[in-house]
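No experiment lies behind these values; they were computed from the predicted model shown.
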Amino acid sequence: MPIDQFLSEFFGQNMLYLLLAVFIVVCISAGVRIVPQSEKYVVERLGRLQSVLGPGINFIVPFLDRVRHKVSVLERQLPPMTQDAITSDNVLVQVETSVFYRIIEPEKTVYRIRDVDAAISTTVAGIVRSEIGRMELDQVQANRASLIDAVREQVAQQVDDWGIEVTRAEILDVNLDQATRAAMLQQLNAERARRAQVTEAEGKKRSVELQADADLYAAEQEAKARRVLADAEAYATQVVAVAIAENGLEAAQYQVALKQVEAISKMGAGQGNQTVVLPANALDAFADAFKMLKGR
């Protein structure tokens with residue numbers, strides 16, 4: 001039997017089964033959808049939202065259901081944006097921001113907003129201007145962390161209806177115009193000069209205080225020394241008075257003669273003194289002292 005005749009008879013008898021098999025294969029191919037882990041599929045039935053397919057194998061109704069949107073659920077980063085803002089003390093600043101987000105409800109995203117990136121960029125710009133308008137320039141520089149938190153929270157509230165989650169919002173830089181920078185630099189230099197003057201004045205004050213303490217300490221020590229000498233002199237005078245009271249006039253004459261001898265000795269001990277002038281009765285003073293000493 002020729003092969004052409006065989007094929008003709010085979011297909012003629014089994015055409016219905018072949019068409020049925022092809023139809024089943026096409027239905028399976030159209031009804032099975034395998035979704036990657038990083039995506040979600042939005043399915044429409046006759047133009048209306050039917051379901052959202054998650055990662056893995058999914059089944060849909062062939063010819064009625066259609067995958068209309070394939071949405072990535074990976075985290076995305078908007079390009080850095082720069083917008084002008086005016087602080088509460090009327091300083092113009094340029095704020096550079098960056099936002100990270102991801103789509104968690106794609107059925108809201110695809111049916112409620114057309115351009116997600118542009119919508120988020122506009123929302124962030126408005127919120128940043130509003131927040132900076134409530135703060136002074138110094139607060140913007142010092143409280144950047146709180147500013148970032150406020151921007152992230154408000155952006156998250158605004159984009160919640162779009163099925164979007166804001167994961168991070170960063171303020172990359174805050175730039176000032178040239179005139180403001182020059183004024184701030186002048187103010188900084190003036191503040192540094194003021195601190196230097198204060199430090200120098202405090203140093204001088206401390207030096208004067210230390211010198212006064214040193215003078216006071218020296219005066220106290222000198223007063224103590226004089227007190228000791230006065231006590232010694234008083235003690236010596238008391239001893240002499242006791243001796244005079246016990247021995248009478250001879251003790252007084254002996255003390256006077258002893259003082260004369262000490263005075264003459266000091267005159268002779270001076271440096272550069274080659275000639276010593278003695279009173280006429282100097283020798284008598286030595287003799288009187290020795291006589292009184294022998295008499296005692």
Do other residues, nucleotides or ligands put more than 12 heavy atoms under 6.0 Å from [X] [atom1]?
{"X": "Gln37", "atom1": "CD", "value": "no"}
{"X": "Ile34", "atom1": "CD1", "value": "no"}
{"X": "Arg66", "atom1": "CZ", "value": "no"}
{"X": "Phe63", "atom1": "CZ", "value": "yes"}

Can you find a pair of side-chain heavy atoms, one from [X] and one from [Y], that are under 4.5 Å apart?
{"X": "Pro36", "Y": "Tyr41", "value": "yes"}
{"X": "Arg129", "Y": "Gln83", "value": "yes"}
{"X": "Ile132", "Y": "Ile86", "value": "no"}
{"X": "Val99", "Y": "Gln77", "value": "no"}
{"X": "Thr87", "Y": "Met135", "value": "no"}
{"X": "Val95", "Y": "Thr82", "value": "no"}
{"X": "Glu39", "Y": "Val71", "value": "no"}

Is it possible for you to say whether [X] and [Y] belong to one hydrophobic cluster, with membership spreading through side-chain heavy-atom contacts below 4.5 Å?
{"X": "Ile164", "Y": "Val52", "value": "no"}
{"X": "Val43", "Y": "Ile103", "value": "no"}
{"X": "Leu49", "Y": "Leu46", "value": "no"}

If you measure from the Lys or Arg side-chain nitrogens to the Asp or Glu carboxylate oxygens, is any gap between [X] and [Y] under 4.0 Å?
{"X": "Glu220", "Y": "Lys224", "value": "no"}
{"X": "Glu165", "Y": "Arg102", "value": "yes"}
{"X": "Glu44", "Y": "Arg48", "value": "no"}
{"X": "Arg206", "Y": "Glu202", "value": "no"}

Evaluate the side chain to side chain contact (heavy atoms under 4.5 Å, CB included) criterion for residues Val140 and Val93: first the C-alpha distance (whole Å), next the side-chain angles of each, then the deciding distance (0.1 Å), finally the verdict. CA-CA 10 Å; Val140 174; Val93 296; 5.7 Å; no
Show your reasoning for whether side chain to side chain contact (heavy atoms under 4.5 Å, CB included) applies to Tyr101 and Leu78. CA-CA 8 Å; Tyr101 73 94; Leu78 290 179; 3.9 Å; yes
Who are the side-chain hydrogen bond (donor to acceptor under 3.5 Å, both in side chains) partners of Glu107, not counting sequence neighbours? none
Kindly give the heavy-atom pair with the smallest separation between [X] and [Y], and that separation in Å.
{"X": "Arg144", "Y": "Asp173", "answer": "NH1-CA, 4.4 Å"}
{"X": "Ile104", "Y": "Lys40", "answer": "O-NZ, 3.5 Å"}
{"X": "Pro106", "Y": "Val42", "answer": "CB-CG2, 4.1 Å"}
{"X": "Ala169", "Y": "Ile148", "answer": "O-CG2, 2.8 Å"}
{"X": "Pro80", "Y": "Leu172", "answer": "CB-CD1, 4.1 Å"}
{"X": "Gly133", "Y": "Ser88", "answer": "O-CB, 3.5 Å"}

Do side-chain atoms of Asp115 reach the backbone of Ile113 as a donor and acceptor pair under 3.5 angstrom? no
Hey, does the side chain of Ser207 reach the backbone of Gly203 with a donor-acceptor pair shorter than 3.5 angstrom?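 Checked: no pair found.
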Review item, side-chain donor-acceptor pairs of residues 151-163, under 3.5 Å, at least two apart:
unit_1	atom_1	unit_2	atom_2	d
Arg152	NH2	Asp149	OD1	2.9
Gln154	NE2	Glu131	OE2	2.3

Evaluate side chain to side chain contact (heavy atoms under 4.5 Å, CB included) for Ile57 paired with Val32, printing each intermediate quantity in order. CA-CA 7 Å; Ile57 186 169; Val32 176; 3.9 Å; yes
Return the [atom1] to [atom2] distance between [X] and [Y], rounded to the nearest 0.5 Å.
{"X": "Asn90", "Y": "Leu137", "atom1": "CG", "atom2": "CG", "answer": "11.5 Å"}
{"X": "Asn58", "Y": "Leu53", "atom1": "CG", "atom2": "CG", "answer": "4.5 Å"}
{"X": "Arg76", "Y": "Phe100", "atom1": "CZ", "atom2": "CZ", "answer": "14.0 Å"}
{"X": "Asp84", "Y": "Asn175", "atom1": "CG", "atom2": "CG", "answer": "10.5 Å"}
{"X": "Arg194", "Y": "Glu191", "atom1": "CZ", "atom2": "CD", "answer": "4.0 Å"}
{"X": "Ser51", "Y": "Arg45", "atom1": "OG", "atom2": "CZ", "answer": "8.0 Å"}

Examine the side chains of Thr97 and Glu170 and answer whether a donor and an acceptor come within less than 3.5 Å of each other.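 Side-chain D/A pair, Thr97 to Glu170: absent.
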For Glu75 and Thr167, test the side chains for any donor-to-acceptor distance below 3.5 angstrom and give the result as yes or no.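 Yes, because at least one side-chain N or O of Glu75 sits under 3.5 Å from a partner of the opposite role on Thr167.
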Among Thr122, Val116, Thr123, whose side-chain contact (heavy atoms from CB on, under 4.5 Å) with Ile120 holds?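 Checked Thr122, Val116, Thr123 against Ile120; only one passes side-chain contact (heavy atoms from CB on, under 4.5 Å): Val116.
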Would you call the rings of Tyr111 and His69 parallel, tilted or perpendicular, where under 30° means parallel and over 60° means perpendicular?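 It falls in the perpendicular class, over 60°.
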